[in-house]
Enquirer: 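Below is a structure I'd like to ask you about.
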Number of protein chains: 2
Amino acid sequence: MPKSLLHPDSDAIQLEQVLHALGDPVRLSIVRQLAAGDGEMTCGCCSVPVSKSTKTHHFRVLREAGVIRVRLEGTSAMISLRRESLDARFPGLLDAVLSAG
Amino acid sequence: MPKSLLHPDSDAIQLEQVLHALGDPVRLSIVRQLAAGDGEMTCGCCSVPVSKSTKTHHFRVLREAGVIRVRLEGTSAMISLRRESLDARFPGLLDAVLSAG
DNA sequence: TTGATTGTTCGATGACAATCGAACAATTGA
DNA sequence: TCAATTGTTCGATTGTCATCGAACAATCAA
């Protein structure tokens with residue numbers, strides 16, 4: 001369904017890009033919802049106050065930054081946090097972000 | 001010299017605003033230079049490839065986000081990292097950002 | 001007092017980013 | 001096969017942000 005589904009290698013994840021990706025209220029909310037549930041969730045399952053197409057946009061930004069992984073299954077897009085990648089590349093960063101009130 | 005020099009209380013520092021502030025190459029560079037030296041540095045001492053006025057802009061963004069403190073001394077602006085505030089509010093965040101290669 | 005230094009403010013500009021709706025594509029169930 | 005579901009793509013719009021130069025303000029040294 002998507003034209004291409006590129007995920008950066010763990011090694012290639014850029015701090016600046018990650019911070020930029022997380023510095024948006026909609027995307028931060030998405031990441032928190034992913035962290036709250038465990039494992040994957042579908043794109044549609046994620047509740048944010050924007051249109052379908054805008055949601056697609058935000059998922060792409062997060063994916064290209066290396067924050068989430070997107071896997072296609074039928075007509076659904078399964079989303080998950082790239083915890084291991086982020087923890088390996090920027091130890092403590094994700095924890096700090098998620099544990100912030 | 002400045003119209004107002006508002007710093008948010010530690011308690012009022014917003015994660016999203018901090019992440020947004022750090023998600024810019026010029027500002028991330030400023031923060032790293034501040035962390036490298038210890039204590040304060042003057043505005044002009046900070047080396048970034050932008051004009052004076054743009055530098056002022058970035059210092060304001062960082063200050064309003066609660067990332068840096070600005071103190072006036074003569075004609076100089078003394079800049080410092082708000083380490084304690086950030087560590088108290090978002091434990092581990094600054095360390096994670098600074099220790100990232 | 002004059003000039004140099006240091007930084008801020010203002011207004012304009014250009015680039016990028018968030019947003020939407022409409023049209024499309026792919027899968028799945030009836 | 002048909003319709004429903006799920007998400008993507010496209011084009012347009014809107015708004016925000018980084019950037020600059022010029023003018024200004026404040027301090028300090030000579």
Side-chain angles (χ1 to χ4, degrees), chain A residues 1-7 14 16-34 37 39-80, chain B residues 1-7 14 16-34 37 39-80:
Chain A
M1 195 180 301
K3 194 156 278 181
S4 60
L5 222 47
L6 298 178
H7 295 78
Q14 304 290 329
E16 184 194 311
Q17 210 176 343
V18 171
L19 294 173
H20 175 260
L22 297 178
D24 173 275
V26 172
R27 290 192 291 261
L28 192 51
S29 167
I30 291 173
V31 168
R32 283 185 164 137
Q33 290 179 46
L34 283 171
E40 300 176 312
M41 76 190 303
T42 66
C43 170
C45 199
C46 196
S47 139
V48 287
V50 293
S51 69
K52 271 195 308 178
S53 49
T54 301
K55 213 189 266 194
T56 295
H57 162 69
H58 286 302
F59 281 124
R60 188 184 43 195
V61 172
L62 287 169
R63 173 174 51 76
E64 291 177 345
V67 176
I68 65 173
R69 176 176 293 104
V70 181
R71 187 175 61 84
L72 301 180
E73 180 159 331
T75 62
S76 293
M78 306 301 295
I79 314 293
S80 56
Chain B
M1 196 178 303
K3 195 157 276 181
S4 60
L5 222 47
L6 298 178
H7 295 78
Q14 304 290 329
E16 182 195 311
Q17 209 176 343
V18 171
L19 294 173
H20 174 259
L22 296 178
D24 173 274
V26 172
R27 289 191 292 260
L28 193 51
S29 167
I30 290 173
V31 168
R32 283 184 164 138
Q33 290 178 46
L34 283 171
E40 301 176 311
M41 76 190 303
T42 66
C43 171
C45 198
C46 196
S47 138
V48 287
V50 294
S51 70
K52 271 195 311 179
S53 50
T54 301
K55 211 189 266 193
T56 294
H57 162 69
H58 286 303
F59 282 124
R60 186 182 45 195
V61 171
L62 287 168
R63 173 174 50 78
E64 290 177 348
V67 177
I68 66 173
R69 176 176 294 105
V70 181
R71 186 176 64 81
L72 300 179
E73 181 160 329
T75 62
S76 293
M78 306 300 297
I79 314 294
S80 57

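Proteins get letters first, then strands, A, B, ... in listed order; numbering begins at 1 in each.
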Enquirer: To the nearest 0.5 Å, what is the distance between CE (B:M78) and CE (B:M41)?
Expert: 9.0 Å
Enquirer: By nearest heavy atom, map A:S53 and A:E73 onto DNA chain C; which one lands nearer the 5' end?
Expert: A:S53
Enquirer: Measure the distance from CZ on A:R60 to P on C:dA18 and round it to the nearest whole Å.
Expert: 10 Å
Enquirer: Examine the side chains of B:S51 and B:T54 and answer whether a donor and an acceptor come within less than 3.5 Å of each other.
Expert: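 A pair is found: one side chain offers a donor N or O, the other an acceptor, under 3.5 Å apart.
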Enquirer: Tell me the interatomic distance from A:K52, atom NZ, to C:dG21, atom P, rounded to whole angstroms.
Expert: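 After rounding, the gap between these two atoms is 11 Å.
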Enquirer: Which heavy atom of B:C43 sits nearest a heavy atom of B:K55, and at what distance?
Expert: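 Result for this residue pair: O-NZ, 3.6 Å.
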Enquirer: Heavy-atom contacts under 4.0 Å between residues 19-30 of chain B and DNA chain C, which residues?
Expert: none
Enquirer: Considering only heavy atoms and no angle criterion, is a donor-acceptor pair shorter than 3.5 Å present between the side chain of A:T56 and the base of D:dG7?
Expert: no
Enquirer: Do B:E73 and B:R71 come within less than 4.5 Å of each other through their side chains, counting heavy atoms only?
Expert: yes
Enquirer: I need the CZ-P distance between B:F59 and C:dT6, as an integer number of Å.
Expert: 14 Å
Enquirer: Rounded to the nearest Å, what distance is computed from the CG atom of residue B:L6 to the P atom of nucleotide C:dT8?
Expert: 14 Å
Enquirer: Report, one line per pair, each donor and acceptor closer than 3.5 Å where one atom sits in a side chain of residues 17-25 of chain A; sequence neighbours left out.
Expert:
{"from": "A:Q17", "atom 1": "NE2", "to": "A:E64", "atom 2": "O", "distance (Å)": "3.4"}
{"from": "A:D24", "atom 1": "OD1", "to": "A:V26", "atom 2": "N", "distance (Å)": "2.9"}
{"from": "A:D24", "atom 1": "OD1", "to": "A:R27", "atom 2": "N", "distance (Å)": "3.1"}

Enquirer: Expressed as a whole number of angstroms, how long is the span from A:L5:CG to D:dT8:P?
Expert: 8 Å
Enquirer: Figure out the CG/P separation between B:L72 and D:dA26, and round it to whole Å.
Expert: 12 Å
Enquirer: Can you measure B:M41 atom CE to C:dT6 atom C1' for me and round it to whole angstrom units?
Expert: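 Distance, rounded to whole Å: 15 Å.
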Enquirer: Are any non-hydrogen side-chain atoms of A:R69 and A:H7 less than 4.5 angstrom apart?
Expert: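 Side chain of A:R69 against side chain of A:H7, heavy atoms only: contact under 4.5 Å found.
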Enquirer: Rounded to the nearest angstrom, tell me the gap between atom CD in A:E64 and atom P in C:dA17.
Expert: 11 Å
Enquirer: Can you find a donor-acceptor pair, distance only, under 3.5 Å between B:T75 side chain and C:dG7 base?
Expert: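 Per atom types, no contact qualifies.
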